[in-house]
Number of protein chains: 2
Amino acid sequence: MRDAVTSEALREAGLRATRQRTTVLDALRGRPDAITAQELHGELRGTGEPVGLTTVYRTLASLADAGLLDAIPREGEQAFRLCSDDHHHHLICEACNRVDELTAEEVERWVDAVASRRGFRVTGHRADIFGLCAACARS
Amino acid sequence: MRDAVTSEALREAGLRATRQRTTVLDALRGRPDAITAQELHGELRGTGEPVGLTTVYRTLASLADAGLLDAIPREGEQAFRLCSDDHHHHLICEACNRVDELTAEEVERWVDAVASRRGFRVTGHRADIFGLCAACARS
DNA sequence: CATGATCATGGAAACCGTTGTCAATTTCAA
DNA sequence: TTGAAATTGACAACGGTTTCCATGATCATG
C-alpha cells in the first residue's frame, strides 16, 4: 500500500507520519508541475482530506528541508515539487508549471572552473531553463 | 560631471531625470554588492539627499525594467545592482552580497542542447553561483 | 494495550516586503 | 514662462508567509 511508503519516507525525514503530512506528500506524487502552498491547500479543501493552510506551509517547508522537495521560486511566491535526492537543475514550463529535472556536467564544470579562478568558496549554485514545454508551445 | 552621465542614462531609459532618480542611480554606481530598496532607502536617509521609500521601490523597478539593473533575489526580498547590458550570470557572495558578472558560453550551449532535445521553446535561463568571496572566506 | 511526554495541528492575528492611492510638486517641450 | 504630463511621498492596503497558542494526535515505553 502506498500509505506505508509515504509514512516511511516521512519517518526517514525525521517527521511523524500524520494524516496531514501523508495527504500532502501523496498529493505531490505523480504531479509533473510545481505547486504552491495556497494552491495545494485549495485543492485539498475540495477532497475529503482537507489540511489547514498553516500546516500545508509547514509541511512543504519541512519536506523541502529534508530534501524530498525542490523549491521552485515563482513571481512573489514559492512552488514545490517532489524531486530525486541527487543534485540537478530544472526545465520549467512557464505556462503549465511542469518541471523536468536535468543533470548537467557542463554546468558543474563551469561552476568549479569559475569559482577556483576567482578564489570563491562555493556553497551552492543554480541553473534553470524557463520556457514553454512542447505541449504548451503547440497551443 | 557625473550628473550629466546619470541624467543621460535615465533619459535613454525613457525616464525624466529627477533629483531622486539621479540620487538612486548614483548611489548604485561603483557598488560591488546588491542592495534592496529598504537598505538603500535607509542609507539615503542619512545623507542630505533622502528619497521616499515608495520612490526607491519604483525607481529600482523602472531601472531594472530598462535593463540598467540586475534583480538578485534574496531570501524573501529583492536586491539590485548596476549591470552591463549584455546577457550574463552571477557569482554572488552570501556574506557581503558582492556580485560579479560572468559570461558562460558553456551554459548557453547546454541550454540550447537540452531545450531542443526536449522540444522546449526557451524564453530565458538563469545560472548563478553562490558562495563566499575570497575576502569573506578568509575571515 | 494504556499512558504521558512530545510533537503536530489550525484558526486567528501578526509580519513584512511591496504596491496602490491621491493630492501636491516637479519636469520639460513649446 | 507656462501648462500638460510625469513624479513624488505619506499613508493605507495587499498578499504570501509566519507566529501564537490552545487543542489534539503520535508513538516509545511500561
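Here the structure is a predicted model, which means the values were calculated and not measured. In what follows, chains carry the letters A, B, and so on, assigned in the order in which the sequence lines appear, proteins first and then strands, with residues in each chain numbered from 1.
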Student: What's the shortest heavy-atom distance between B:Leu132 and B:Cys93, and which atoms?
Tutor: CA-SG, 3.9 Å

Student: Stepwise, does the side-chain contact (heavy atoms from CB on, under 4.5 Å) test hold for B:His90 with B:Phe130?
Tutor: CA-CA 8 Å; B:His90 299 121; B:Phe130 301 93; over 6 Å; no

Student: Select base, sugar-phosphate, or nothing to describe what A:Gln38 touches, counting heavy atoms under 4.0 Å on all strands.
Tutor: base

Student: Have a look at the helix from C:dC1-D:dG30 to C:dA30-D:dT1 and give the angle its two end axes make, five pairs each, rounded to 10 degrees.
Tutor: 30°

Student: Where do B:Leu53 and B:Ala37 come nearest, in terms of heavy atoms and distance?
Tutor: CD1-O, 4.2 Å

Student: For DNA chain D, what residues of residues 52-62 of chain A have any heavy atom nearer than 4.0 Å?
Tutor: A:Thr54, A:Tyr57, A:Arg58

Student: Just by distance, no angles: are the side chains of B:Thr6 and B:Arg29 close enough, under 3.5 Å, to form a donor-acceptor pair?
Tutor: yes

Student: Once you measure the plane-to-plane angle for A:Trp110 and B:His89, does it fall in the parallel (<30°), tilted (30-60°) or perpendicular (>60°) bin?
Tutor: perpendicular

Student: Of B:Arg21 and B:Glu75, whose nearest nucleotide on DNA chain D comes first from the 5' end?
Tutor: B:Arg21

Student: How long is the line joining CD of A:Glu77 and C1' of D:dT18, in whole Å?
Tutor: 16 Å

Student: Do you know which two heavy atoms are closest between B:Glu101 and B:Ser84, and how far apart they sit?
Tutor: OE1-OG, 2.7 Å

Student: Let's go through B:Glu75 and B:Glu94 carefully: what are the C-alpha distance in whole Å and the side-chain angles of both, what is the deciding distance for side-chain contact (heavy atoms from CB on, under 4.5 Å) to 0.1 Å, and is it a yes or a no?
Tutor: CA-CA 11 Å; B:Glu75 175 82 18; B:Glu94 295 181 309; over 6 Å; no

Student: Taking CZ from B:Arg45 and C1' from D:dT8, how many angstroms apart are they, rounded to a whole number?
Tutor: 16 Å

Student: Round to a whole Å and report the spacing from NE2 of B:His41 to P of D:dC11.
Tutor: 12 Å

Student: Would you mind checking if B:Arg126 and A:Asp128 are paired as a salt bridge, meaning a charged N to carboxylate O distance below 4.0 Å?
Tutor: yes

Student: In plain terms, say whether A:Arg109 and A:Asp112 are close enough for a salt bridge, that is, a side-chain N and a carboxylate O under 4.0 Å apart.
Tutor: no

Student: Taking all non-hydrogen atoms of both residues, which atom of B:Cys96 and which atom of B:Asp33 are closest, and how far apart?
Tutor: O-CB, 3.5 Å

Student: If you measure only the distance, is there a donor-acceptor pair under 3.5 Å linking the side chains of B:Thr59 and B:Gln20?
Tutor: no

Student: Between C:dT18 atom P and B:Arg74 atom CZ, what is the distance in whole Å?
Tutor: 10 Å

Student: Write down the protein N/O and nucleotide N/O pairs, taken from nucleotides 27-30 of chain C, whose separation is under 3.5 Å; answer none if there are no such pairs.
Tutor:
{"from": "C:dT27", "atom 1": "O2", "to": "B:Arg16", "atom 2": "NH1", "distance (Å)": "2.8"}
{"from": "C:dC28", "atom 1": "OP1", "to": "B:Ala17", "atom 2": "N", "distance (Å)": "3.2"}

Student: Would you kindly give the CD-to-P distance between A:Glu8 and D:dC27, to the nearest whole Å?
Tutor: 13 Å

